[in-house]
Amino acid sequence: MNRYYHEIPASSQNPPVKKHYDVIVVGGGMSGICAAIASARHGASTALIQDRSVYGGNASSETRMHISGASCHWGKKNAAETGILMELQLDNKYLNYNYNFSIWDGVMWSKVKDTENLDSYMNTTMDRVISDGSQIQALQCYQMTTETRYEMTADIYIDATGHGTLGYFAGAEYRIGREEKTEFKEKDAPDRPDGETMGNTIYFCARDTGAPVKFVKPSWANTYDESFFAHRYHGDIVVYHDADSVVVLKPGEDYEDHADQLVEKYDVESGYWWIELGGDWDDIIKSAEDIRYELYKCVYGVWDHIKNGGDHGAENYELVWVGSTSGSRESRRLEGDYMLTENDIINNRIHEDGVAYGGWPMDEHTAGGFAAKGEIPSKVRSFPGFYSIPYGCYCSKTIKNLMMAGRDIGASKLAMGSTRVMATCAVGGQAAGTAAAMASKAGCTPREFGQKYIQELRQELLKDDCYIMGLKNQDEKDFARKAAVTASSQREGYEAEKVINGVARNVDEDINLWCSQGIGPQGETLSVALKEKALISQIRLTFDPNLSEERCISVSKAFIDKEPLGVDKELVKDYRIVISCQGKTVWETQVKDNYQRLNIIDLPEKMEADQVELVVTATNGDSDARVFEIRIY
């Protein structure tokens, strides 16, 4: 029997600690933590293995990349990703007013540590996978801080490594580089396949000291003149992408006028994504350390040019941080049961087994990166609307107990240019983690689970505040679906009954929101009269944080200046829940200082009821009460 071993031998004096879980997630970036939390919340014993001392991957303090997604930085309305990702982002807005990356690290860490059924292994590297080429039997990890080796087994494994390392070690089929045009009939694919990928980037941060600051270039840093910066904007400017061209806005021009294009903002205080290398190297993974060293030479050379190579308005600026690790865009992609393509994306395809969605352009960076002098650093293929990502993209074609989450899911090179951004990876991670937990409980492989229970999964994701394109709440256990809903006041087009129409966000021009006419002295009441008496134990409320707004932590001052600070004003802040039966109140509770979109209220015990009232007494700044959905279980 053919077996795959990639290992550092364990010492006979230090045998591995053996652990078994229902689900093991390898990789603690945004997709990995959302997958692990989702799995644990659905009752699966779950392990999260992370080889760094912080969570978040490219979004962490180590790399400091902002979380991009379907909204394209204010370019597409009602597009913000919800679910666990938004829960983390709303925690951060409440706890981290000035968007400090170290506090953001803590927000992610505490969410993982506070999740029941979830064991986290930080500073832990998976270095061995035992597999027969069709199924994973076990994996081994080494935790360097405790000098502990673990051997772990699970029903289902999720590869959230980015590089597809777990799948690669297990013998899964994978791809690197560009497919030829004929394979998927993608109009923008090359005529012949090649190994080109997008490269890695190291960011920097600078600050204005208020007085001139000298910078002396290190001897090892590169030297650049202005000729190296063609198409690579550096300074306080804004550009937008219009089809295949790039337009630089004039000073003072409002980039909101170009919100339907991908807008990018450049400022002296933050680093540049185009400081990028490695996409045309022989092996972007095996060469990662060499690429990182070359990126350091680039970063310090670029800063020397900004400081000493002409008037860039940086006389008073000093360099205060350079990333300790490079951010990866692309490497291996694992073959999925379904391979998403350019055609799925540009046709806004809605899959019957869709479990996530995207909207970011198909972004294809020049493989040579900054070394490709004079070339446009990125080709951006924008498109209107959104597309769904089918369940098969998250299931390994080769390894029957392996799922994927993140940029290594089943997708062509062109499609991956859109699915790779972290918000899209995160919602896909939640879908994969939820499916893995449910499949483990059902005793199914991921593929079998999809064949038997895909609609149950989609409804469960919808219940957990994920957006599933084209899907409405059809949960027979939700008593609110057949209830009668009235309100103390409502604006035209924002009627009370919309909170039970099955859609918990505005979609295109369809409003799925109750909005009151102001908030009176006694508050505004939404009354849900059940069709008949029922024993209820839980109420779920979905509020409005403005899904057209950005809420991503960033090193870019231009981003932070545009994004409102603090808790989203549209969110309900203070409210009461009153449960009654035959006109008599049987239970009541009050919530103060809410800052989350999804609120889950568990009753102390099951109670007989025929009416539930939500009384909103305050928001976080908006003049009206705004509610998308009420569910009653």
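All residue numbers in this chain count up from 1 along the given sequence.
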Quick one: do M30 and L88 satisfy side-chain contact (heavy atoms from CB on, under 4.5 Å)? Show the steps, please.
CA-CA 10 Å; M30 298 311 302; L88 287 162; 4.1 Å; yes
Kindly determine whether N473 and D478 satisfy side-chain hydrogen bond (donor to acceptor under 3.5 Å, both in side chains), including the steps that lead there.
CA-CA 9 Å; N473 173 20; D478 176 13; 2.9 Å; yes
Check against side-chain hydrogen bond (donor to acceptor under 3.5 Å, both in side chains), Q50 and T124
CA-CA 6 Å; Q50 166 69 331; T124 302; over 6 Å; no
Are Y453 and E448 close enough, and set up right, to give a side-chain hydrogen bond (donor to acceptor under 3.5 Å, both in side chains), and what steps lead you there?
CA-CA 8 Å; Y453 302 111; E448 291 168 344; over 6 Å; no
Residue pair H351, Y391: steps toward the ring-ring contact (aromatic ring centres under 6.0 Å, His included) verdict:
CA-CA 9 Å; H351 293 266; Y391 177 72; over 10 Å; no
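A salt bridge does not link E87 with R597: every distance from a Lys NZ or Arg NE/NH1/NH2 to an Asp or Glu carboxylate oxygen is 4.0 Å or more. For R481 and E476, the salt-bridge test passes: some basic side-chain N is under 4.0 Å from an acidic carboxylate O. A salt bridge links E588 with R576; the closest basic N to acidic carboxylate O contact falls under 4.0 Å. Ion pairing of K19 with D119 is absent here, as no side-chain N (NZ or NE/NH1/NH2) approaches a carboxylate O to less than 4.0 Å.
Around the OH atom of Y94, the shell of radius 6.0 Å holds no more than 12 heavy atoms that belong to other residues, nucleotides or ligands. Heavy-atom neighbours of K569 NZ from other residues, nucleotides or ligands within 6.0 Å: at or below the threshold of 12.
If you check the side chains of T525 and S488, you find no donor sitting under 3.5 Å from an acceptor. For S527 and Q611, the side-chain atoms include no donor-acceptor pair closer than 3.5 Å. Under 3.5 Å, the side chains of D353 and Q455 contain no donor-acceptor pair of N or O atoms. Side-chain contact of N117 with H42: a donor-acceptor pair under 3.5 Å is absent, judged by distance alone.
The distance between the ring centers of F543 and Y595 does not fall below 6.0 angstrom. Aromatic rings of Y357 and Y467 (six-membered ring for Trp) have centroids within the 6.0 Å cut-off, being under it. Aromatic rings of H73 and F559 (six-membered ring for Trp) have centroids within the 6.0 Å cut-off, being under it.
The closest donor-acceptor contact from the side chain of N58 to the backbone of T63 lies at 3.5 Å or more, if one exists at all. Listed for the D508 side chain is no donor-acceptor partner under 3.5 Å among the backbone atoms of D510.
Cation-pi geometry between K463 and Y633 is met: the NZ or CZ atom falls under 6.0 Å from the ring centre, inside 45° of the normal.
In this structure the side chain of L90 reaches within 4.5 angstrom of the side chain of R551, judged on heavy atoms.
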